[in-house]
Amino acid sequence: MSKEQFENLLSTIVTTTVSLIMKKNNRSEEKALYRFVTSKVYSFLEREETKVWHLSARLLAALFEDERSGNLVWPQTF
């Protein structure tokens with residue numbers, strides 16, 4: 001995958017994931033986006049070689065919530 005393709009995919013995934021985080025936590029887009037992009041989940045997602053981008057936005061949002069609560073456990077199939 002080219003860098004441009006990955007960046008486009010990442011943008012779509014982040015938009016959807018942040019939307020889910022906003023709804024669950026009743027947060028503004030700005031706050032939800034900031035919290036997500038400063039998370040460990042995002043740090044793995046933004047690196048193509050980790051293949052985290054294969055996960056659904058719902059699962060990424062759940063992993064983000066797990067990270068925030070101190071219980072981040074990556075899926076075994078990952």
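With sequence neighbours excluded, no residue satisfies salt bridge (Lys or Arg N to Asp or Glu O under 4.0 Å) with Arg58. With sequence neighbours excluded, the residues satisfying side-chain contact (heavy atoms from CB on, under 4.5 Å) with Leu72 are Lys40, Val41, Leu63, Glu67, Trp74. With sequence neighbours left out, the side-chain contact (heavy atoms from CB on, under 4.5 Å) criterion links Glu30 to Ser28.
Between the side chain of Ser39 and the backbone N or O of Phe36 there is at least one donor-acceptor pair closer than 3.5 Å. Remark: side-chain polar atoms of Trp53 are not paired, donor with acceptor, to backbone N or O of Leu10 under 3.5 angstrom. Formation of a donor-acceptor pair under 3.5 Å by the Thr16 side chain with backbone atoms of Thr12 is found in this model. The main-chain N or O of Glu7 is never found under 3.5 Å from a side-chain atom of Ser11 such that the two would form a donor-acceptor pair.
Note that CG of Asn25 and CZ of Arg68 are 6.0 Å apart. Values are rounded to the nearest 0.5 Å.
Contact between Ile21 and Ala61 at its shortest, heavy atoms only, is CG1-CB, 4.2 Å.
Note on Phe64: it does not cluster hydrophobically with Leu20, by side-chain heavy-atom contacts below 4.5 Å among ILVMFWY residues. Neither Tyr42 nor Val73 shares a network with the other; the hydrophobic side chains, linked directly or stepwise wherever heavy atoms of I, L, V, M, F, W or Y lie under 4.5 Å apart, form separate groups for each. Criterion: ILVMFWY side-chain heavy atoms under 4.5 Å apart, direct or through other members. Under it, Leu60 and Tyr34 are not part of a common hydrophobic cluster.
Under the 4.5 Å side-chain criterion, counting only non-hydrogen atoms from C-beta, Val14 is not in contact with Glu46. The shortest side-chain heavy-atom distance between Met1 and Leu9 falls under the 4.5 Å cut-off.
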